[in-house]
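Have a look at the structure below before the remarks.
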Amino acid sequence: MNDDQLLRYSRHILLPEIGIEGQQRLCASRAVLIGAGGLGSPIALYLASAGVGRITLCDGDKVDLTNLQRQIVHRTESIGKDKTQSARTTLTSINPEVEVVALTERVAEERIRALAADADVVIDASDNFATRHAINRACVEHRTPLVSGAAVRFDGQVAVFDLRRDDAPCYACLFPEAGENEDMPCAVMGVFAPITGIIGTIQAAEALKLLLGIGELLNGRLLLIDALTMDLRTIRLKKDPACPVCSVR
Ligand SMILES: [Zn+2]
């Protein structure tokens, strides 16, 4: 590490759990982030500022005026531009040391499988069940750890699926693909701006811990947050032995 890097990351390096070795590990890590919206914004900001070496960012949308209330990686002057390019500009201005790969597309099954195969962690900040299940299938197939989050109205949830472990449940153990899970888009339901920041920031923290191999992950646990009451609850998740996605691998 050069002098600038030692200064840039000094407050991480000071932590005995991270140190120079941990920081170098982050700098050599590859993260895939699906979604550059409300959750993806704080996730991308923290991964980039913390020096995660390569961040692959996938989103097919363009920045809209209605996004700016919570999607803090984007700026008013970016309205009409691709979210991935807009985010890339912000991230690179914060930390030019990191490589930001911008994939301007709604991720399809094939693409997400290739991405999961070449990532240390996949972070799901998407907004619909079809994409979440496609991401989960790809992560199960390649045993890539998955950090999953969702937020709508005043409610949010986070879970980690450490699919490197045989006993880890997967997203489909929690929400079966055949289940009656209806998408609840923020455009219809509304969303309290900071809940996306709270959930996204927890996702970023879990992803960084996972890359560093420190602490205890939210693996096999679902954290539920109600921002109206600030009640936090954790539910234990069990691997479903009959799960059609992870029980057959
Ligand atoms: Zn499963």
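Note that this is a predicted model, so its numbers are computed, not measured. Start at 1 and go down the list; that is how both ligands and their atoms are numbered.
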Report task. Using modelled atom types only, decide if a donor and an acceptor are shared between the side chain of H74 and the backbone of A36 within a distance under 3.5 Å. Result -> yes
Requested in this report: Indicate yes or no for a side-chain donor-acceptor contact from R25 to the backbone of L211 under 3.5 Å, with no hydrogens or angles considered.
Outcome: yes
Report task. Go through the side-chain N and O atoms of D64 and T66 and say whether any donor and acceptor fall under 3.5 Å apart. Result -> yes
Requested in this report: Determine the interplanar angle of the H133 and Y171 rings, folded into 0 to 90°, and report it as parallel if under 30°, tilted if 30 to 60°, perpendicular if over 60°.
Outcome: perpendicular
Query raised in the report: In terms of hydrophobic clustering (I, L, V, M, F, W, Y; side-chain heavy atoms under 4.5 Å; direct or indirect links), are I135 and L222 co-clustered?
Result: yes
Report summary line: Near the Zn ion (ligand 1), meaning under 2.8 Å, the protein N/O/S atoms are C170 SG, C173 SG, C243 SG, C246 SG
Query raised in the report: Does Q71 use its side chain to pair, donor to acceptor, with the backbone of G40 at less than 3.5 Å?
Result: no
